[in-house]
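Here's the structure, in structure tokens; my notes come after.
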Amino acid sequence: MINITFPDGAVRQYAPGSSAMDIAKSISEGLARKVLAAEVDGEVWDATRPIDKDAKLKLLTWDDKGAKSTFWHSSAHLMAEALEALYPGVKLGIGPSIESGFYYDIDLGDRQIGEEDLAQIEAKMKELAKTGSTYTRKDVSKADAIQYFTEKQDEYKLELIDGLADGSITFYTQGNFTDLCRGPHIPNTSPIKAIKLTNIAGAYWRGDEKRKMLTRIYGITFPNQKELDEYLVLIEEAKKRDHRKLGKELELFAFSEKVGMGLPLWLPKGAMLRERLQNFLQGAQIERGYLPVVTPHIGSKQLYVTSGHWDKYGKDSFRPITTPQEGEEYMLKPMNCPHHCEIYKAQPRSYKDLPLRLAEFGTVYRYEQHGELHGLTRVRGFCQDDAHLFCRPDQVKEEFMKVIDLVLHVFRSLDFKDFTAQVSLRDPENPAKYIGTDENWVIAEQAIIESAEEKGLPYVIETGEAAFYGPKLDFMVKDALGRKWQLGTIQVDYNLPERFELEYVGSDNGRHRPVMIHRAPFGSLERFIAVLIEHCAGKFPLWLAPTQVKILPISDKFMEYAEEVNLKLRKAGIRTEMDDRNEKIGRKIRDTEMAKVPYMLVLGEKEAQDGTVAVRKQGQGDLGVQPIADVLAMLLEEVENKQ
RNA sequence: GCCAAAGUAGCUCAGCUGGUAGAGCAGCUGAUUUGUAAUCAGCAGGUCGGGGGUUCGAGUCCCUUCUUUGGCUCCA
């Protein structure tokens with residue numbers, strides 16, 4: 001007998017070779033019907049796979065993450081079966097589950113399919129799912145695996161098998177479909193009841209742009225139609241938060257074909273919002289000993305040859321501009337660091353001057369690939385809330401930790417709770433990608449990991465994601481549709497000080513090289529605001545709202561009083577607008593609600609007589625009549641507390 | 001850059017197999033003077049993304065180009 005330990009600590013004995021499904025059945029038939037997979041000693045297994053030795057077991061049902069990914073992975077196989085049935089000869093790449101759903105990469109040869117074909121594939125999937133075919137696992141030798149896919153003429157699978165060790169290869173079969181697959185899978189196809197193929201896209205084989213582009217079909221499935229419907233509603237709701245839609249509706253920013261793609265135009269409301277964020281961070285930075293600097297939008301090409309950026313990114317930059325007479329070459333600045341290095345060099349520096357923290361809201365221009373542009377999150381001209389900290393090697397860690405504190409202060413102030421920290425290290429396999437000495441890389445990577453640890457940041461390590469000049473710590477946030485974007489970033493750089501020959505005089509009267517830390521808590525104002533808009537669905541906190549209060553006179557008889565209230569608020573620094581249209585109050589309220597203005601003050605005969613205002617809060621309705629002074633105090637307090 | 005799709009009034013969208021471009025909202029004008037999510041009427045508004053072609057005739061069919069969207073690749 002083997003001992004099976006359940007999550008609650010209970011231990012029960014079963015015959016060796018019992019599967020999780022057998023065990024579930026021994027507990028209750030109802031439970032067994034819901035089991036999709038099992039976690040055996042921390043690893044997700046097929047519920048039907050025999051367990052031979054003592055193990056910890058957790059039965060996974062739809063609500064478990066591991067069950068969902070198994071369910072979706074099995075759905076990918078089901079889709080592949082449908083595709084083979086509909087398009088004989090189709091070749092298959094890979095078909096994993098993803099955060100929400102699954103995809104399969106396929107090569108259709110000369111055939112082309114489009115969105116209109118998805119319904120047919122869905123129908124086929126449903127038909128196949130109903131048969132309730134079991135997913136069966138089979139160990140295969142490498143030779144047999146190669147033979148199977150050679151006969152099937154699927155070069156993609158053969159390439160995958162090529163990278164696998166003999167003895168570790170498994171096939172899974174359901175119905176007429178067999179796939180090279182590590183598993184696990186759900187017991188059979190029947191729980192897959194609701195199916196939606198969401199989109200179709202191209203994807204390079206193995207993510208390599210030099211290789212063939214396959215057709216990727218994305219989909220999502222659920223055990224019942226209701227959950228699918230709910231999911232689709234959720235997606236629709238998320239689309240309403242899209243910053244591109246809200247940016248237009250709330251008159252924050254615009255794009256123009258004539259100005260050029262990826263070059264945002266900030267409308268007055270957006271510009272003021274941006275300015276407030278900038279002032280907020282500026283204030284926090286001044287408190288923390290940062291010094292403002294200003295540098296031009298262009299710099300001579302030589303500056304970037306010195307920095308190494310020309311070599312690395314020259315080909316992928318906007319081309320240099322030249323002076324008409326002398327032919328001198330200048331670049332639109334793609335980053336601010338080289339300019340800041342020259343500011344450092346403008347004066348002799350002592351160890352007593354360090355750390356020197358030079359900050360600039362600097363606009364930079366980068367050539368981003370056409371297809372990569374995306375609203376405000378990926379643009380060609382953007383403003384970095386940049387600063388470069390020049391410090392002694394022994395100050396790196398402390399400065400790094402202070403920056404983490406600043407980033408967290410910014411995130412907290414804007415109620416960003418859902419972020420992940422990502423530590424990007426170099427790829428040890430590919431040292432040629434990076435510049436700088438091995439020793440410095442080790443020191444810098446160590447400093448970052450230690451800082452993250454000591455600050456208690458939950459972080460993930462991404463090997464090979466470092467910048468070419470140094471490792472970094474990025475703060476990643478998701479947009480409304482779940483796409484991940486990098487906002488705040490902190491990067492250690494031992495390289496630029498070297499290239500620019502930056503020095504300071506130490507207490508020993510000798511010359512030493514400072515270390516540089518690049519950092520931007522927002523990342524860029526454009527991207528930050530994009531995420532902020534989606535985060536709050538356009539309902540900005542009072543201190544950021546473009547219009548904080550809208551004054552709504554019931555009719556133009558009360559215009560005089562409305563003007564008086566308006567003036568009072570404005571004098572106190574509240575951003576107001578007045579709706580003096582000849583409209584009914586219901587209409588004015590509706591329009592103001594939809595414009596997401598935080599507060600409305602309704603003014604009529606009663607209010608004019610008593611010197612009061614009827615307060616209405618966006619999304620919350622009528623708050624009742626109050627004296628102006630009270631309302632003003634309430635508003636000012638809310639602004640002060642950044643709520 | 002690559003794969004796929006879309007582009008009709010300021011916005012949201014209709015326009016069947018080719019036969020002179022349409023609605024709602026927004027805008028303007030007028031009436032209405034209004035009490036917590038849309039008052040009524042009238043007017044104006046478009047080289048149907050740009051260019052080329054097929055046709056007696058193109059928003060509709062074909063080619064090309066630009067932009068946008070969803071992905072892929074890239075991201076100092």
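Each chain gets a letter, A, B and so on, in the order the sequences are listed, and its residues count up from 1.
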Name each donor-acceptor pair under 3.5 Å that joins a side chain in residues 548-563 of chain A to protein atoms two or more places apart or in another chain, with its distance.
{"unit_1": "A:Gln548", "atom_1": "OE1", "unit_2": "A:Arg575", "atom_2": "N", "d": "2.7"}
{"unit_1": "A:Gln548", "atom_1": "NE2", "unit_2": "A:Leu542", "atom_2": "O", "d": "2.9"}
{"unit_1": "A:Lys550", "atom_1": "NZ", "unit_2": "A:Glu577", "atom_2": "OE1", "d": "3.3"}
{"unit_1": "A:Ser555", "atom_1": "OG", "unit_2": "A:Lys557", "atom_2": "N", "d": "3.2"}
{"unit_1": "A:Tyr561", "atom_1": "OH", "unit_2": "A:Glu607", "atom_2": "O", "d": "3.4"}
{"unit_1": "A:Tyr561", "atom_1": "OH", "unit_2": "A:Thr612", "atom_2": "N", "d": "3.0"}
{"unit_1": "A:Tyr561", "atom_1": "OH", "unit_2": "A:Thr612", "atom_2": "O", "d": "2.7"}

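- Checked against the 6.0 Å centroid threshold, A:Phe468 and A:Tyr313 count as a close aromatic pair.
- When heavy atoms are screened at a 4.0 angstrom cut-off, A:Lys606 is found touching base atoms of the nucleic acid.
- Residue-level contact check: A:Ser307 touches neither bases nor backbone, having no heavy atom under 4.0 Å from any strand.
- No donor-acceptor pair closer than 3.5 Å links the side chain of A:Arg241 to the backbone N or O of A:Leu246.
- Interface remark: the A:Arg211 side chain does not form any donor-acceptor pair with the B:C2 base, using a distance-only criterion of under 3.5 Å.
- For A:Asn495 and B:A76, the CG to P distance is 14 Å, given to the nearest whole Å.
- Between A:His388 and A:His340, the angle of the ring planes goes over 60°, which puts this pair in the perpendicular group of the 30/60° scheme.
- With RNA chain B read from its 5' end, the first of the two nearest nucleotides for A:Pro334 and A:Ala203 is the one closest to A:Ala203.
- The P atoms of B:A21 and B:G49 are separated by 14 Å, rounded to the nearest whole Å.
- B:C74 atom P lies 16 Å from atom NZ of A:Lys484, rounded to whole Å.
- Pairing for B:U29 is with B:A41, a Watson-Crick or G-U wobble pair whose two hydrogen-bonding atom distances lie under 3.5 Å.
- The side-chain hydrogen bond (donor to acceptor under 3.5 Å, both in side chains) test applied to A:Tyr469 returns A:Gln491, not counting sequence neighbours.
- Distance check on atom P: B:G46 versus B:A23 gives 14 Å, rounded to whole Å.
- With C1' as the reference atom, B:G24 and B:A14 are 11 Å apart, rounded to whole Å.
- Listed nucleotides B:C72, B:A5, B:C75 differ in distance to A:Glu115; the shortest reach to its side chain belongs to B:A5.
- Across all strands shown, the partner of B:C72 is B:G1, judged by Watson-Crick or G-U wobble contacts whose two distances both fall under 3.5 Å.
- Checking side-chain atoms of A:Arg519 against main-chain N and O of A:Asp385 turns up a donor-acceptor pair under 3.5 Å.
- Looking at residues two or more places apart in sequence or on another chain, you find a side chain to side chain contact (heavy atoms under 4.5 Å, CB included) between A:Glu237 and A:Val233, A:Lys240.
- B:G18 is unpaired under the criterion used here, namely a Watson-Crick or G-U wobble arrangement in which both key atom distances are under 3.5 Å.
- Atom C1' of nucleotide B:C75 and atom CD of A:Glu209 are separated by 12 Å, given to the nearest angstrom.
- Within the nucleic acid shown, A:Gly207 comes within 4.0 Å of sugar-phosphate atoms alone, with no base atom in reach, counting heavy atoms only.
- Picking from B:C75, B:U33, B:G35 the nucleotide with the shortest atom distance to the side chain of A:Asp556 gives B:U33.
- Residue pairs meeting the ring-ring contact (aromatic ring centres under 6.0 Å, His included) criterion with at least one partner in residues 583-627 of chain A, sequence neighbours excluded, are absent.
- Between the CG atom of A:Leu118 and the C1' atom of B:A5 there is a distance of 11 Å, rounded to whole Å.
- As rounded to the nearest Å, B:G71 and B:U65 have P atoms that lie 25 Å from one another.
- Separation of the C1' atoms belonging to B:A44 and B:G30 is 14 Å when rounded to the nearest angstrom.
- Between A:Phe540 and A:Leu252, some side-chain heavy-atom pair lies under the 4.5 Å cut-off.
- One can find a donor-acceptor pair under 3.5 Å joining the base of B:G1 and the side-chain atoms of A:Tyr204.
- Within 3.5 Å, no donor on the side chain of A:Arg366 pairs with an acceptor on the base of B:C75, nor the reverse.
- The only option from A:Arg244, A:Lys239, A:Lys245 that meets the salt bridge (charged side-chain N to carboxylate O under 4.0 Å, His left out) definition with A:Asp242 turns out to be A:Arg244.
- Rounded to whole Å, the distance from CG on A:Asp117 to P on B:A5 is 10 Å.
- Separating the CZ atom of A:Arg527 from the P atom of B:C75 is a distance of 13 Å, rounded to the nearest angstrom.
- Within the 3.5 Å criterion, the main-chain N or O of A:His339 finds no donor-acceptor partner in the side chain of A:Thr295.
- Remark: the separation of the P atoms in B:G59 and B:G53 is 15 Å, to the nearest Å.
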What protein N or O atoms touch nucleotides 67-70 of chain B N or O atoms at under 3.5 angstrom, if any, and at what distances?
{"unit_1": "B:U69", "atom_1": "OP1", "unit_2": "A:Arg244", "atom_2": "NH1", "d": "3.1"}
{"unit_1": "B:G70", "atom_1": "OP1", "unit_2": "A:Arg244", "atom_2": "NH1", "d": "3.3"}
{"unit_1": "B:G70", "atom_1": "OP1", "unit_2": "A:Arg244", "atom_2": "NH2", "d": "2.7"}
{"unit_1": "B:G70", "atom_1": "OP1", "unit_2": "A:Arg483", "atom_2": "NH1", "d": "3.0"}
{"unit_1": "B:G70", "atom_1": "OP1", "unit_2": "A:Arg483", "atom_2": "NH2", "d": "3.4"}
{"unit_1": "B:G70", "atom_1": "OP2", "unit_2": "A:Arg244", "atom_2": "NH1", "d": "3.2"}
{"unit_1": "B:G70", "atom_1": "OP2", "unit_2": "A:His374", "atom_2": "ND1", "d": "3.4"}
{"unit_1": "B:G70", "atom_1": "O2'", "unit_2": "A:Asn199", "atom_2": "ND2", "d": "2.3"}

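- Look at the C1' atom in both B:C13 and B:G18: the space between them is 22 Å, to the nearest Å.
- For the pair A:Trp485 CH2 and B:C74 P, the computed distance is 15 Å after rounding to whole Å.
- B:G57: no Watson-Crick or G-U partner with both key distances under 3.5 Å is found in any strand.
- Distance check, rounded to the nearest 0.5 Å: OH of A:Tyr304 to NE2 of A:His309 gives 9.0 Å.
- The distance between atom NZ of A:Lys557 and atom P of B:G35, rounded to the nearest whole Å, is 10 Å.
- Between B:G15 and B:G19, the distance separating the two P atoms is 13 Å to the nearest Å.
- In terms of position along RNA chain B, the nucleotide closest to A:Leu214 lies nearer the 5' end than the nucleotide closest to the other residue of the pair A:Ala467 and A:Leu214.
- Within the nucleic acid shown, A:Gln112 comes within 4.0 Å of sugar-phosphate atoms alone, with no base atom in reach, counting heavy atoms only.
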- Message: For nucleotides 36-47 of chain B, give me one character per nucleotide, 5' to 3': B if any protein heavy atom sits under 4.0 Å from the base, S if the only such contacts are to the sugar-phosphate, - if neither.
- Response: BBBB--------
